[in-house]
Participant: 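After the structure tokens below, expect a handful of questions from me.
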Amino acid sequence: MIEFIAENLAPIMFASLIVFLLLGYPVAFSLAANGLLFFIIGVELAPLSDSINLSWPLLNALPDRFWGVMSNDTLLAIPFFTFMGIVLEKSGMAEDLLDTIGQLFGPIRGGLAYAVIFVGALLAATTGVVAASVIAMGLISLPIMLRYGYDRKVASGVIAASGTLAQIIPPSLVLIVLADQLGRSVGDMYAGALIPGLVLTGLYMVYILIMTILKRDSMPALPLEARTLGSGVTSLFIALAVAVGIAYAAHVYLYPTQGENADILGGTVGVAFIYIVALLDRGLKINAMSRLAQQVIIVLIPPLALIFLVLGTIFLGIATPTEGGAMGAVGALIMAAAKSRLTMDVVRGALTATTRLSAFVLFILIGARVFSLTFYGVNGHIWVEHLLTAMPGGETGFLITVNVLVFFLAFFLDFFELAFIIVPLLAPAADKLGIDLIWFGVLLGINMQTSFMHPPFGFALFYLRSVAAKVPYLDKITGKNIQPVTTGQIYWGAVPFVGIQIVMVALTIMFPQMVMHYKGTGTAVDPNTIKIEVPGFGAGGGGLGLPGGLQLPGGSPLDQKPADQGGGAQPQTAPSNDLSQPPSFGNPGAQPQTAPSNDLSQPPSFN
């Protein structure tokens, strides 16, 4: 029995960790306690198994592993982006966006749902924090949707799902952690995840479109009296056309000097121009634009500018993700100050939440380092690699197995826990199968997004439940008695969006180029066209960049012709092209002797 435990200590250790977690112990302490417990067991059982490589001096490696976690510059992006998201949520940006975009899409059926998805994508690209997005949209949008007769399941599902877009659209926190665990660039991870995140946003909108056709009364249009900004879509289109024209003209003007960056700079000029015009139009009361166009431009452009400040600088290579996060935090403070909402209470609350989340991540990482020290010491990584690479179906079988595993583990673990526990075990097997780890990380990120939507353990559902009405209440605008949203309605509303996320996982596997574009197109090189030239040595050989080669005194020995053998002190040389002879070392003033031609059996003569 003891021998069996010694030979199978890795699977027993992994199973024990699952039991610890199911019993409800904190993840960080479960990892550390499990690692230390099995370290002691492993040291005692090491003589019974060749697969156990543990000894007491190995514990001396823990301080270095802890220091490696604390000195990781990449992880600095987590507190920066968390701080930025919380400040933006407190600044009222989400409220302004939801109100304005809701007015813009209000005249069409399902307009509020489209607005929630659109704003969810914008908040994801500015905050990267799921909790902030779901709570903000739940507080602002849900009462309005209930006020105008939206189906409760659809309304709660679309709010929860849109909030989880912060999981996959950069600057997502989980993408930072995945890049760190996979040993890849955060910038590449962001670039690879951008298109799948936008495609997933489009799938959400397609679902709303289908629902408005199948159930016309489930998402009615906003009534006329609720459209306080009035009409004016034509004015908005004209303003956008002017901005596009100016951007194109700026692109043409800047291209000779700026090259490939001219399109981004030209777009920046066009957006800045139309934003200044909208501010002057409202401030000077010229009213050349409609109120709707003014509000959309003034409300929409600052968060878009913040997105460019963060993601644009990262993608252009101007800033690292950590530097981008720092600039985003400063930009969020400036936006909050511009709206006169930057108070000490806001800063204090943001710092408290940021410190809490950062400490949470750090403690999990430290616990994971203790666990991995023991797990690798019992060759657990080899056990997992052999288990996964032996799956039938090769790469496809591996991907299906991994995604099913992550999907079910997401019922019980959140994305941080999955990233720190599961991903380090899966990455070596994926790398051995030749799978691109950036693509693999984005695929896991989309899959782990379902951890927020799983009934009954999804965190996004918990966030929405905390702000949704639990008892009937009287609406202040319409005077109607509004019934509460039940927990069952929230759960059932999330199910279709979990299905959409699974479809997105399948699409990412079927069309990997959605992610692989991060590598760029590159230029193909034909090996047959490669020509290697060796520099010459003689007077006419081309040399190493100098006329006449190396310009050795007396020319190159390869260019010298053998001299006739004669009397006197004239040295004799070996026959031309005969490199088989050893050198001859003669005494000064004496005629050197050479070994017989082609006779390799004689040693050199030393006279």
Side-chain angles (χ1 to χ4, degrees), residues 89-90 92-120 123 130-164 204-205 207-230 295 299 452-453 455-456 458-498:
E89 188 260 329
K90 300 291 184 183
M93 184 189 73
E95 182 178 350
D96 293 341
L97 281 171
L98 283 167
D99 180 59
T100 304
I101 304 302
Q103 296 273 338
L104 180 63
F105 288 102
I108 62 175
R109 190 179 291 110
L112 288 177
Y114 290 126
V116 167
I117 296 172
F118 183 80
V119 173
L123 291 178
V130 173
S133 299
V134 174
I135 290 173
M137 291 191 294
L139 286 171
I140 301 164
S141 299
L142 188 58
I144 300 175
M145 298 171 94
L146 297 181
R147 177 184 303 157
Y148 297 112
Y150 269 62
D151 182 270
R152 282 165 169 72
K153 295 178 184 178
V154 175
S156 57
V158 74
I159 290 174
S162 300
T164 61
Y204 286 170
M205 290 189 174
Y207 170 73
I208 296 300
L209 176 63
I210 294 173
M211 288 297 295
T212 56
I213 296 173
L214 297 180
K215 295 184 178 181
R216 297 176 62 86
D217 297 332
S218 63
M219 289 175 283
L222 205 62
L224 187 61
E225 61 272 14
R227 303 174 204 165
T228 56
L229 293 177
Q295 185 70 8
V299 168
F452 280 94
M453 296 290 293
F459 281 88
L461 308 183
F462 293 158
Y463 299 144
L464 184 59
R465 174 69 281 174
S466 68
V467 297
K470 301 178 181 64
V471 295
Y473 66 96
L474 189 67
D475 185 70
K476 296 180 180 179
I477 304 298
T478 61
K480 296 180 181 178
N481 190 40
I482 306 296
Q483 294 300 312
V485 178
T486 66
T487 302
Q489 289 170 339
I490 294 176
Y491 286 170
W492 282 111
V495 170
F497 291 95
V498 173

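In this chain, residues are counted from 1 in sequence order.
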Participant: To the nearest 0.5 Å, how far apart are CG in D151 and CG in L146?
Facilitator: 10.0 Å

Participant: Of all the heavy-atom pairs spanning L464 and G138, show the shortest one and how long it is.
Facilitator: CD1-CA, 4.0 Å

Participant: Which distance, rounded to the nearest 0.5 Å, do you find between the OH of Y463 and the CE of M137?
Facilitator: 13.0 Å

Participant: Counting only heavy atoms not in N481, do more than 12 sit closer than 6.0 Å to its CG atom?
Facilitator: yes

Participant: Given 3.5 Å as the limit, does a donor-acceptor pair link the side chain of R152 with the main chain of P484, or not?
Facilitator: yes

Participant: S218 and M211: which non-hydrogen atoms are nearest, and at how many Å?
Facilitator: OG-O, 3.9 Å

Participant: Look up atom NZ in K215 and atom NZ in K153, then write down how far apart they are to the nearest 0.5 Å.
Facilitator: 7.0 Å

Participant: Using 30° and 60° as the class limits, which term best fits the ring planes of Y207 and F497: parallel, tilted or perpendicular?
Facilitator: perpendicular

Participant: How close do T212 and L209 get, heavy atom to heavy atom, and via which atoms?
Facilitator: OG1-O, 2.6 Å

Participant: Could you tell me which non-hydrogen atom of Q489 sits nearest to which non-hydrogen atom of S156, and how far apart they are?
Facilitator: O-OG, 3.5 Å

Participant: Closest approach of G149 and P220, non-hydrogen atoms and distance?
Facilitator: O-CD, 3.7 Å

Participant: Starting at OH of Y150, measure out to CG of L142 and round the result to the nearest 0.5 Å.
Facilitator: 12.0 Å

Participant: Using 0.5 Å steps for rounding, measure from the CD1 atom of I490 to the CZ atom of F462.
Facilitator: 10.5 Å

Participant: Side-chain contact test, heavy atoms from C-beta onward, threshold under 4.5 Å: evaluate it for L112 versus V116 and give yes or no.
Facilitator: no

Participant: Taking NZ in K470 as the centre, count heavy atoms belonging to other residues, nucleotides or ligands within less than 6.0 Å. Is the count above 12?
Facilitator: yes

Participant: Quick one: closest heavy-atom pair of T164 and A460, and the distance?
Facilitator: CG2-CB, 3.8 Å

Participant: Say you draw a straight line from CG of L222 to CD of Q103; how long is it, rounded to the nearest 0.5 Å?
Facilitator: 6.5 Å

Participant: Is there a side-chain contact between L461 and Y491 in this structure, where contact means two heavy atoms from C-beta onward sitting under 4.5 Å apart?
Facilitator: yes

